[in-house]
Amino acid sequence: MKRLLALSALVVSGALCLGFAANQMLKPAPVAQAASSVAAAPAPITTGSITSRASATTASQALPALPQANAPAPATVVAQAQGTLPALPALPPIQPVSAAVPAVAGVPQAAQAQPGVLPVAAAPVFAPAAPVPPPTSYRFMEVDGPYIAITFDDGPNPETTPKLLKILEARNIKATFFMLGTNASAYPDVVRAVAAGGNEIGNHSWNHPQLPKLTIAAADKQIEDTSAAIEAAIGKKPLYLRPPYGAMTPALQQHLVQKYGITMIFWSVDPLDWKIRDAQSIYDQVMKQVRPGAIILAHDIHATTVAAMPRVLDALIAKGYKFVTVSELIAMNKPGAPKQVAALAPTPAKKKTRPAPKPSAAQASPANAARNNVSVGLY
């Protein structure tokens with residue numbers, strides 16, 4: 001009976017132990033413990049079709065156990081992680097701003113030595129463009145107004161030049177006279193009268209040869225003797241040279257410009273007054289060819305030229321032109337200046353006149369020509 005009771009007690013206590021164990025097994029395991037169990041569990045490593053439990057066990061033992069959530073990493077894990085990282089190279093020390101800096105080209109030494117100021121590269125310095133030399137010759141100017149220059153060659157003449165000076169003075173016109181050395185030395189009083197009227201005087205050679213046909217020494221003498229004669233009369237040498245006939249070569253021009261500092265002046269309006277001694281023809285040609293910036297060629301030694309000047313000058317003034325000397329016109333020269341022809345006053349229309357009746361054969365005969373005052377063969 002005692003044995004039955006002891007056996008029953010043993011069975012009951014075993015059942016209780018089994019129930020308690022089952023109850024503990026049904027409870028969920030903590031996350032950290034589950035992770036530890038997974039990390040600790042041997043995982044087979046498969047290579048191809050061969051499975052090695054020994055290798056799996058070795059690999060699992062090499063990996064450190066995962067720490068619990070929110071727990072500081074063990075010192076051993078940190079040490080192992082640091083050991084696996086490559087060593088970083090040492091960085092150079094950073095100098096303070098006030099430390100000395102190397103010299104910079106183009107920066108003043110005083111600015112480089114200031115503490116706390118970083119050097120700044122100097123802005124590039126560009127050399128100024130070389131000045132463009134002025135032209136050594138002119139035929140006309142490009143101006144932004146109705147300005148022209150009228151010039152007279154081959155004088156002075158003691159009879160015609162003083163008359164021309166009065167015509168110019170009455171209209172307050174300043175002209176430029178290119179004088180021959182022979183005439184300037186012969187009539188210095190006329191030279192001084194031309195200069196006293198505010199006119200300009202230039203060099204036109206000594207006795208009007210074609211300079212390129214001379215030797216260099218002979219051409220130099222033509223220029224030097226004429227400039228000396230003009231300087232003796234008015235106290236200064238001329239700045240401009242008009243070559244006789246307009247004949248000049250590049251080599252001779254370069255030589256004269258470099259040696260005497262003189263500028264060649266040609267022309268753009270030629271009425272051929274030296275050839276056609278007719279006042280009407282001079283007027284027609286000037287009015288036909290003139291433009292703003294023009295240089296008009298004429299000769300004060302011809303009486304027909306002087307006689308044509310009042311009408312020519314008055315007509316140009318009526319069209320709005322303004323007269324200046326060659327020096328003043330050069331100062332106004334502006335290449336690319338707009339044209340001013342349209343701004344000038346239009347030329348008044350000419351009145352149509354009925355042609356005179358032709359003379360009869362008897363009137364046109366040489367015998368009756370003088371009696372009837374008819375010019376035969378002159379037009």
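Residues: numbered from 1 along the sequence shown.
- Closest heavy-atom contact between P209 and L214: CG-CD1, 3.8 Å.
- Tracing side-chain contacts under 4.5 Å through hydrophobic residues (I, L, V, M, F, W, Y), one reaches L316 starting from I167; they form part of the same cluster.
- Taking the side chain to side chain contact (heavy atoms under 4.5 Å, CB included) definition, one finds that Q289 meets it with V269, Q285, sequence neighbours left out.
- Under 3.5 Å, the side chains of T160 and D300 contain no donor-acceptor pair of N or O atoms.
- For the salt bridge (Lys or Arg N to Asp or Glu O under 4.0 Å) test, no residue two or more places apart in sequence or in another chain qualifies with D154.
- Here D225 contributes atom CG and I230 contributes atom CD1; the two are 11.5 Å apart, rounded to the nearest 0.5 Å.
- Considering only residues two or more places apart in sequence or on other chains, N199 meets the side chain to side chain donor-acceptor pair (under 3.5 Å) condition with none of them.
- A distance of 9.0 Å separates NZ in K259 from CD1 in I216, rounded to the nearest 0.5 Å.
- Side-chain contact between I330 and Y240: present, with at least one pair of heavy atoms (C-beta onward) separated by less than 4.5 Å.
- Contact check for N203 versus M179: no side-chain heavy atoms found under the 4.5 Å cut-off.
- Cluster annotation: V312 and L165 are assigned to the same hydrophobic cluster (Ile/Leu/Val/Met/Phe/Trp/Tyr, side-chain heavy-atom contacts under 4.5 Å, transitive).
- For R171, the salt bridge (Lys or Arg N to Asp or Glu O under 4.0 Å) partners are D314, not counting sequence neighbours.
- Annotation: E159, atom CD; neighbour count of heavy atoms from other residues, nucleotides and ligands within 6.0 Å does not exceed 12.
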Step-by-step side-chain contact (heavy atoms from CB on, under 4.5 Å) determination, L239 to T263: CA-CA 7 Å; L239 301 175; T263 302; over 6 Å; no
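- Scanning for ring pair (Phe, Tyr, Trp, His ring centres under 6.0 Å) contacts around Y245 gives H208, with sequence neighbours left out.
- In the hydrophobic clustering of this structure, W274 does not group with V286; members are Ile, Leu, Val, Met, Phe, Trp, Tyr whose side-chain heavy atoms approach within less than 4.5 Å, directly or through other members.
- A distance-only check finds a donor-acceptor pair linking the side chain of E200 to the backbone of S327 [under 3.5 Å].
- With hydrophobic clusters built from ILVMFWY side chains whose heavy atoms lie under 4.5 angstrom apart, M264 does not share a cluster with W206.
- T304 has its side chain out of reach of D278: every pair of non-hydrogen atoms, C-beta onward, lies at least 4.5 Å apart.
- Residues E231 and I201 have side chains not in contact (no heavy-atom distance under 4.5 Å, counting atoms from C-beta outward).
- Residue pairs meeting the ring pair (Phe, Tyr, Trp, His ring centres under 6.0 Å) criterion with at least one partner in residues 153-192, sequence neighbours excluded, are F152-F177.
- Screening D273, T176, L297 against D153 for a side-chain contact (heavy atoms from CB on, under 4.5 Å) leaves a single residue, L297.
- Residues that satisfy the side chain to side chain donor-acceptor pair (under 3.5 Å) test with N207, not counting sequence neighbours, are Q222.
- When only modelled atom types and interatomic distance are considered, S268 and R291 share no side-chain donor-acceptor pair under 3.5 Å.
- Counted within 6.0 Å of NZ on K221, heavy atoms from surrounding residues, nucleotides or ligands total 12 or fewer; the atom is thus considered open.
- Shown here are the side chain to side chain donor-acceptor pair (under 3.5 Å) partners of K236, two or more places apart in sequence or in another chain: there are none.
- Other residues, nucleotides and ligands contribute at most 12 non-hydrogen atoms within 6.0 Å of the CD atom of Q254.
- By the 4.5 Å heavy-atom criterion applied to side chains, E142 and K334 are not counted as neighbours.
- Hydrophobic clustering (ILVMFWY, side-chain heavy atoms < 4.5 Å, transitive): I282 and L168 are in one cluster.
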side-chain contact (heavy atoms from CB on, under 4.5 Å) between I173 and L313, worked out: CA-CA 9 Å; I173 293 176; L313 299 176; 4.0 Å; yes
Candidate pair K319 and M287, rule side-chain contact (heavy atoms from CB on, under 4.5 Å), full reasoning: CA-CA 10 Å; K319 287 181 68 66; M287 302 307 295; 3.3 Å; yes
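- Closest of all the heavy-atom pairs between G198 and T325 is O-CG2, 4.3 Å.
- Grouping Ile, Leu, Val, Met, Phe, Trp and Tyr residues whose side-chain heavy atoms lie under 4.5 Å apart, directly or via other members, leaves L180 alone, with no other cluster members.
- The side chain to side chain donor-acceptor pair (under 3.5 Å) search around S185 returns none, not counting sequence neighbours.
- Looking only at side-chain heavy atoms (C-beta outward), P244 and Q210 stay at 4.5 Å or farther from each other.
- The shortest heavy-atom contact between N157 and P162 is O-CD, 3.3 Å.
- Between T136 and Q253, the shortest heavy-atom contact is OG1-NE2, 2.8 Å.
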I148 and K322: CA distance, side-chain angles, deciding distance, side-chain contact (heavy atoms from CB on, under 4.5 Å) verdict: CA-CA 6 Å; I148 57 176; K322 298 179 181 180; over 6 Å; no
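- For the residue pair H204 and R242, the shortest heavy atom distance occurs at ND1-O, 2.7 Å.
- Applying the salt bridge (Lys or Arg N to Asp or Glu O under 4.0 Å) criterion to R192, with sequence neighbours excluded, gives D189.
- Within the 4.5 Å cutoff, side-chain heavy atoms of V143 are placed close to those of L329.
- Taken from OG in S137 to CG in L256, the straight-line distance is 12.0 Å, to the nearest 0.5 Å.
- When every heavy atom of A247 is checked against every heavy atom of P212, the shortest pair comes out as O-CD, 3.6 Å.
- Between H299 and H302, some side-chain heavy-atom pair lies under the 4.5 Å cut-off.
- Sequence neighbours left out, not one pair with a member in residues 248-270 passes ring pair (Phe, Tyr, Trp, His ring centres under 6.0 Å).
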